[in-house]
Amino acid sequence: MAIERTFSILKPDATARNLTGAINAVIEKSGLRIVAQKRIHMSRREAETFYAVHKERPFFGELVDFMISGPVVVQVLEGEGAVLRYREIMGATNPESAADGTIRKLYAKSIGENSVHGSDSQDNAKIEIAQFFSGNEIVG
Ligand code: CMP
């Protein structure tokens, strides 16, 4: 499988509980490499842009409010089949359905406060990475 990059967010429920290192340990143990990372507080506009695809969903307002409720850590992860690999180790969106050992099974509080985001395709990974990182901030 080809070396790819994917975009990751450690969400406010994770930073609030000081889980940044614990989640990064799961990521690194999986073979993925953290090639860019920064802790930011997203603006409402940034969160609305990032989740624009969910604009019509009933949970959109709640999702945006949550994502700007505290700091997040945005990351670029690199490795073989990184998009799929990260989705595997994140586990299902709803932690109740997530497999044992996945980040969401271990740490997520609910479907909304689910600790991590990962890109769902290579095309979206490129778009999401470009929203938060410039090329020289990514060091593989
Ligand atoms: P994420 O992978 O960041 O992509 C969209 C997010 O919407 C998802 O994770 C969840 O955190 C959130 N989400 C999905 N379904 C619901 C829901 N029913 N209620 C609240 N938030 C949701």
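Residue numbers count from 1 along this sequence. Each ligand, and each atom within it, is numbered from 1 in the order the structure gives. Computed from a prediction, not measured in an experiment: that's the story for all the values here.
- Taking atom 10 (C) of ligand 1 as the reference point, the nearest protein heavy-atom neighbour is I111 O, 3.2 Å.
- In this structure the side chain of V116 never reaches within 4.5 angstrom of the side chain of Y107, judged on heavy atoms.
- For K11, every heavy-atom contact with ligand 1 shorter than 4.0 Å involves the side chain, none the backbone.
- The side chain of N114, and not its backbone, has at least one atom closer than 4.0 Å to an atom of ligand 1 (non-hydrogen atoms only; side chain from C-beta on).
- One option in L63, V116, D120 has a heavy atom closer to atom 12 (C) of ligand 1 than any other, and that option is L63.
- Counting only distance, with no hydrogens or angles, the side chain of E137 and the backbone of S134 share a donor-acceptor pair below 3.5 Å.
- In this structure, R33 contributes its side chain and G140 its backbone to no donor-acceptor pair below 3.5 Å.
- Paired with V72 under the rule side-chain contact (heavy atoms from CB on, under 4.5 Å), one option of R39, K38, H41, M42 passes, and it is M42.
- Using a 4.0 Å cut-off to heavy atoms of H117, the atoms of ligand 1 that qualify are 1 (P), 2 (O), 3 (O), 4 (O).
- Contact annotation: for R57 versus ligand 1, there are no heavy atoms closer than 4.0 Å.
- A ring-centre distance under 6.0 Å is found for F7 and F50.
- For atom 3 (O) of ligand 1, the choice among F60, F59, Y51, F66 with the nearest heavy atom turns out to be Y51.
- Of the heavy atoms in R104, only side-chain atoms (C-beta onward) come closer than 4.0 Å to ligand 1.
- Ion pairing between R85 and E88 holds under the 4.0 Å rule for side-chain N and carboxylate O.
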